[in-house]
Amino acid sequence: MAASGAAFIGFVLGHMYGNLKAFGGQEKFNEYAHHLRELGEPLLPYEGFIWIMRVGLLAALIVHVVCAVVLARRAGQARTVKYAVKKNKGSSLSSRTMRWGGATLLLFIIWHLVNFTFGKVNVQTGETGAAAGDPYSLLVDTFDVWWMTIIYLVAMVALAFHLHHGTWSALQTLGLTNTASSRQRAKTAGWVLAVVVAGGFSAVPLSVLLGIIEK
Amino acid sequence: MAGSTLHDGLTPLNGPSNQISDDAQGFYVLGENIVDPVAPAGPIKDRWTTRKFENRLVNPANRRKLDIIIVGTGLAGGAAAATLGEAGYNVKSFCYQDSPRRAHSIAAQGGINAAKNYKEDGDSTFRLFYDTVKGGDYRARENNVYRLAEVSANIIDQCVAQGVPFAREYGGLLDNRSFGGVQVSRTFYARGQTGQQLLIGAYQAMERQVAAGTVEQFTRHEMLELIVVDGKARGIVTRDMVTGAIETHLADVVVLASGGYGNVFYLSTNAMGSNVTAAWRAHRKGAYMANPCYTQIHPTCIPVTGSHQSKLTLMSESLRNDGRIWVPKNVADCEKDPREIPEEDRDYFLERIYPSFGNLVPRDIASRAAKYMCDEGRGVGPQVAEIGPDGEQRMVRRGVYLDFADAIARLGKHGVEEKYDNLLDMYARITGENPYETPMRIYPAVHYVMGGLWVDYHLQSNIEGLFVTGEANFSDHGANRLGASALMQGLADGYFVLPNTIRDYLADGPFEKVAADHPEVVAAQRAVEERVSKFLAIQGTRSVESYHKELGAIMWEYCGMERTEEGLKLAISKIRELRADFWTNVKVLGASDNLNQDLEKAGRVADFLELGELMCVDALNRRESCGGHFRGESQTEDGEALRHDEEFAYVAAWEWGGDSNEGGQPVLHKEDLIYTAIEMKQRSYK
Amino acid sequence: MKLTLKVWRQANATAQGEIKTYPLDGVSPDMSFLEMLDLLNEQLVTQGEEPVAFDHDCREGICGMCSLMINGEAHGPEVTTTCQLHMRSFSDGDTITIEPWRADPFPVIKDLVVDRSAFDRIIQSGGFISANTGSAPEANSVPAPRDKAMRAFNVATCIGCGACVAACPNGSASLFLGAKITHLGELPQGQPERWSRVVDMVGQHDHEGFGGCTNIGECASACPKEIPLDVISQLNKDLRTAMKQGL
Ligand SMILES: Cc1cc2nc3c(=O)[nH]c(=O)nc-3n(C[C@H](O)[C@H](O)[C@H](O)COP(=O)(O)OP(=O)(O)OC[C@H]3O[C@@H](n4cnc5c(N)ncnc54)[C@H](O)[C@@H]3O)c2cc1C
Ligand code: HEM
Ligand code: HEM
Ligand code: SF4
Ligand code: F3S
Ligand code: FES
């Protein structure tokens, strides 16, 4: 769980960095997308890196979801009779909503891949596949639609929550929080990552919607 | 050891006792004197070593075929189960809690003594031996105490190897402190949770044997009868407290490590479930009960707040090192906020009466002094109901101040916090008062019983095959126990003594197994079933709890800190009445085939109602004051305890003689205490 | 004080349970929570109703026997055990819901009493140091660094009450487990069995049916002995080291 989660964290950081290139304009962004596909050449074939990454991500996703399901089932079986009254006094909301957040993210990722990678659906023009435009146009067209932006922003809230607890949790699971101070640092790291990543991702759709980024 | 000479243990230093007084006449029958049949002789320092060597061995192949029942999983029982299991015997272990780890030993706070002499302050086996015998006011058997002192050092080694986290110095070596007015630093401790840590060590060692298959553990099982076949203890009858099943468990030898019976007083520092049932059932089957009246009253407990009180909480004695004890000089001030009582109106009574020891006088002296202050009407805190010497109910304030104001002025609040914060926090939690601002209130409470089943040097009772260890036996503390020595005794018995003595008994095995349908087995089981049904059948009007409370009030008033002939006789008649009423008017609801806590309690209270009477008879017979037993009729001019060694240097071992309500009388067997290594001295703390 | 108590009543392990409501008058703020229940029981006995069964023994916060979920909080609103909780933490007129620990590895025996023998079995699986009686070396022959000994002591104070399990949304016993792993793992004497211990104990924990830890942290705030969350981190770390060693 922690390893796959950590892999995701690495990915979203990189991905966020890539997305922020959108502020550099159409060329920069597309170049970046293209560059990704050339990465590692000639050692790797064209799109080699991206496929390795995809396989890795898919594996991590499977591990992550399987672990999540197993944990959820174990938790369910460990308490089949619920409390009539139960208070929470030592936990964050994010820690208790990991499963909902995770499910939201899963739905989001499916749609997101349809949207940008495999289906390439341009909700504005209704075109799909190569016709949907280059990555930059697709991006801008997508977020010019207000409800698309909302979907993405909701997902980013889920991501923020997930990361807030997930970061601390992964560090704890990896056994790196053996003192009160390291525990505090891990919690801070959770906050920072949540704000930076969710904030960083949200910057692009918001900017498009507000017209800061345009074609 | 000022003024004492070392003796080699080869010549008796006193003669047999010759009792002249007979206060308990009419309440008992005098039986024959007894001697410890396996008492060793020779130079005192060699006795245990020689005995260990002489005791016969059991062939490892035979051990598996030998079944040992151990009732109790405290320090004494848990350590024994671990050790005997490890040796390869077939052990069955019983406790009434849901886990062996919860035995009452867990509550011990202060520490455990051991003659390690790590501080090079002159400690030695002999000095620990001497202090313990003197502390017990010369009413303990010197053989047993010497052995205890001798194995004490091994206990620390054993516990450390198990992972008991004792306090350590900066260099990583073990720390110790001085405790209970002793001049040397020999008490090992784990903050205020020594008993917990020692018990967890023993528990884990025992669980390891459960995993290894040598120990089988029966939790929530209460022993309700001893099975004696052909004069030998061969098993027990238990009730499974969850299913209510009455079961018999047979074995080759039975060990009782069932703890103390301080709860006969209702209010004590003992756990709610602590009881005398295991020991008392054995007593009724013929085992002698020795010195039942020896009770230790601890001076620093949190006072009673009202009739709802279910138990009392101990505050470590270490508080007396820095706190000053006082009451108002004037009765009129007792209701006032103590901070408003000026210095000149306060009576620091311990410092006044005992100028050289002050607040650090021994437990019994400090306790009695507090009682007298409250009897005079100068107690503080809420008024609580109690029965007075005349048998009438009255309202009295039972509490004295333990004041940290001077200590705070001297050490600063921080300094006091550093030393005592866990205790002061506990006080604040229980009373809702802030001890840094207002003086704490304390009062003595029943804490430990030195009496218990009679055992010989091998810890075997007078019933063959019945061994008794820990607080359940009478052996090592005489009339009073020094702080930090009960833990020592429990572990000494469990790890080192019993495993070395029981093998001498088991060497005769393997024994012929007792059949489950043997008439004695069937009869014992039936007796328990009938008793259980009887409780449920009475269907009277009074709760079990109310009988226990009333018995406790009687015991505390007449057989507590000060005992008199008149009071004890009154108590005996009151207990008899109460017991008769109990058996006709108690109300136990529910069924016997599932968890029924009232039913469990009924059995325990029924036994307390018999034990209480025997304690009074024992106290009545012993017309002397020694250690924790203070007879009003036997005091010096200054009001100090006065022993009568010529009359009473003996162990009073009582044989069951039937219920007194049906004309029975207990039989007294005396075992003379002959010292060969130490001379008896009157103590003085003035 | 006057209270309304809503108490879980269940006749035995297999019976259907339900919450019953009892009014209770004459409660003093100086009573402990359990003394308040004693009062309720006296009242029930007088009315001819079977008293409420609840576990307790030492009543001074050390044996770990008491175990109540009070208004949704394990051991109630203060950081202490139920037996050390006093009624002055409540107000006149309060309604208090009292339930047993809820976790399938802690089946209800009756009313508020549960079976916690799963904890014993976890200890049996490896929560000890194998030191045969009589074979121990002189205690001071192996010094233990003071800071490690302190940490060991701090977590060795676990009383095995199970509040951590009761509070954990996943029904995990990781705090209990971590406390023992850390206690024994911090001491020099605990090293030889350190790696097999953690693997065996975690295996038994999972086998008993406790949930997995997702680091929610309710356990540590319910723990009356304030066992810190870092014991779970230690547990994970030791487990990882053990797995690297192929255990
Ligand atoms: C508050 C407090 C503080 C103390 N502090 C200290 C201290 O600092 N130093 C010191 O040396 N001593 C101290 N003592 C005394 C010491 O703790 C005890 O004397 C000692 O622990 C007793 O150990 P034990 O093994 O004999 O019995 P216990 O630990 O009492 O164990 C009794 C066992 O017997 C079982 N049992 C009892 N009856 C039955 C039955 N009928 N059927 C089945 N099982 C049964 C119980 O389940 C339990 O397992 C203290 C005592 C108290 C109360
Ligand atoms: C695909 C959909 C996802 C699902 C279903 C999902 C679900 C979960 C669940 C249920 C947990 C569990 C445990 C807990 O409650 O702490 C968890 C933990 C975690 N998740 Fe996700 N998650 C998903 C995606 C992600 C993503 C995209 C990231 C990172 C950006 C991520 C990072 C983490 C981290 C770091 C943890 C903590 C791991 C640990 O405790 O060891 N997850 N996830
Ligand atoms: C507002 C935020 C986001 C934007 C604007 C965005 C944008 C994009 C774009 C444009 C692509 C296509 C890139 C390409 O094909 O070269 C892409 C791919 C992808 N995105 Fe996002 N993304 C966002 C958030 C996320 C999040 C939160 C996740 C995961 C949790 C995610 C996971 C992915 C994945 C897995 C791919 C596919 C990569 C591949 O295999 O080609 N994205 N994203
Ligand atoms: S870790 Fe805390 S809550 Fe859990 S069993 Fe131990 S003492 Fe109880
Ligand atoms: S609450 Fe549960 S999820 Fe882990 S941190 Fe505590 S065991
Ligand atoms: S009753 Fe022992 S901890 Fe509460």
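Labels below follow one simple rule: chain letters A, B, ... track the order of the sequence lines, proteins then strands, and each chain is numbered from 1.
- With a threshold of 4.5 angstrom between heavy atoms, Leu312(B) approaches chain C through N, CA, C or O but not through any side-chain atom.
- The greatest number of non-hydrogen atom pairs below 4.5 Å with chain C, out of Asn596(B), Val242(B), Thr83(B), Leu589(B), is found for Leu589(B).
- Listed options Phe166(B), Phe496(B), Tyr96(B), Tyr203(B) were ranked by heavy-atom pairs under 4.5 angstrom with chain C; first place goes to Tyr203(B).
- When Leu85(C), Asp147(C), Ile129(C) are compared by the number of non-hydrogen pairs under 4.5 Å with chain B, Ile129(C) comes out ahead.
- Ion pairing between Asp111(C) and Lys20(C) fails under the 4.0 Å rule for side-chain N and carboxylate O.
- Using a 4.5 Å cut-off between heavy atoms, Leu34(C) makes no contact with chain B at all.
- Considering only heavy-atom pairs separated by less than 4.5 Å from chain C, the leading option among Ala167(B), Gly172(B), Ala190(B) is Gly172(B).
- Per-residue heavy-atom pair counts under 4.5 Å with chain C were compared for Gln209(B), His104(B), Arg191(B), Glu169(B), and the maximum is reached by Arg191(B).
- With a 4.5 angstrom heavy-atom cutoff, Glu433(B) does not touch chain C via any of its atoms.
- Looking at Gln197(B), the atoms closer than 4.5 Å to chain C (heavy atoms on both sides) all sit in the side chain, from C-beta outward.
- Interatomic distance, Thr73(B) OG1 to Met206(B) CE, rounded to the nearest 0.5 Å: 6.0 Å.
- For Ser105(B), no part lies under 4.5 angstrom from a heavy atom of chain C.
- Between the side chain of Thr431(B) and the backbone N or O of Tyr427(B) there is at least one donor-acceptor pair closer than 3.5 Å.
- With a 4.5 Å cut-off on non-hydrogen atoms, Ala11(C) touches chain B through its backbone but not through its side chain.
- Using the six-membered ring where Trp is involved, Phe119(C) and Phe176(C) have ring planes that are parallel, under 30° apart on the 30 and 60° scheme.
- With Tyr170(B) as the aromatic partner, Arg146(C) meets the cation-pi criteria of under 6.0 angstrom to the ring centre and within 45 degrees of the ring axis.
- A salt bridge links Asp38(C) to Arg59(C): one of the charged nitrogens lies within less than 4.0 Å of a carboxylate oxygen.
- Heavy atoms closer than 4.5 Å to chain B are found in the side chain of Val113(C), but not in its backbone.
- Taking the charged nitrogens against the carboxylate oxygens, Glu207(B) and Arg101(B) have no contact shorter than 4.0 Å, which rules out a salt bridge.
- Contact annotation for Val79(C): only backbone heavy atoms (N, CA, C, O) come within less than 4.5 Å of a heavy atom of chain B.
- Neither the backbone nor the side chain of Val155(C) comes within contact range of chain B; no heavy atom of the residue lies under 4.5 Å from a heavy atom of that chain.
- Of all the listed residues (Glu60(C), Gln189(C), Arg88(C)), the one sharing the greatest number of non-hydrogen pairs under 4.5 Å with chain B is Arg88(C).
- Highest contact tally toward chain B, considering only Ala152(C), Ala144(C), Ala131(C), is held by Ala144(C) [criterion: heavy-atom pairs under 4.5 Å].
- Between Glu42(C) and Lys549(B), no side-chain nitrogen of the basic residue sits less than 4.0 Å from a carboxylate oxygen of the acidic one, so the salt-bridge criterion is not met.
- Using a 4.5 Å cut-off between heavy atoms, Gln196(B) contacts chain C through its side chain alone, with no backbone atom that close.
- Taking Arg121(C), Glu186(C), Lys110(C) one by one and counting their heavy-atom pairs under 4.5 Å with chain B, the maximum is reached by Lys110(C).
- Salt-bridge formation is detected for the pair Asp98(B)/Arg116(C): a Lys NZ or Arg NE/NH1/NH2 atom is positioned less than 4.0 Å from an Asp or Glu carboxylate oxygen.
- Contact of Ile156(B) with chain C is made through backbone and side chain together, with heavy-atom distances under 4.5 Å.
- In terms of non-hydrogen atom pairs under 4.5 Å with chain C, the most contact-rich of Thr305(B), Thr269(B), Val210(B) is Val210(B).
- A salt bridge does not link Glu35(C) to Lys311(B): none of the charged side-chain nitrogens sits closer than 4.0 Å to a carboxylate oxygen.
- Taking chain B as the reference chain and counting heavy-atom pairs below 4.5 Å, the highest number among His183(C), Lys148(C), Met65(C) is found for Met65(C).
- Between the side chains of Ser130(C) and Arg208(B), at least one donor-acceptor pair of N or O atoms lies under 3.5 Å.
- A donor-acceptor pair under 3.5 Å is absent between the side-chain atoms of Gln193(B) and the main chain of Thr157(C), judged by distance alone.
- With chain B as the partner, the residue from Gln84(C), Glu138(C), Glu50(C), Met31(C) showing the most heavy-atom pairs under 4.5 Å is Glu138(C).
- Interface summary for chain C: among Ser274(B), Ala271(B), Pro100(B), the most heavy-atom pairs under 4.5 angstrom belong to Ala271(B).
- Judged purely by distance below 3.5 Å, without hydrogens or angles, the side chains of Asp120(C) and Gln124(C) never pair a donor atom with an acceptor atom.
- Contacts between Ile109(C) and chain B at a heavy-atom distance below 4.5 Å involve the side chain alone, from C-beta outward.
- A salt bridge is defined here as a Lys NZ or Arg NE, NH1 or NH2 lying under 4.0 Å from an Asp or Glu carboxylate O, and Asp55(C) with Arg102(B) fails to meet this definition.
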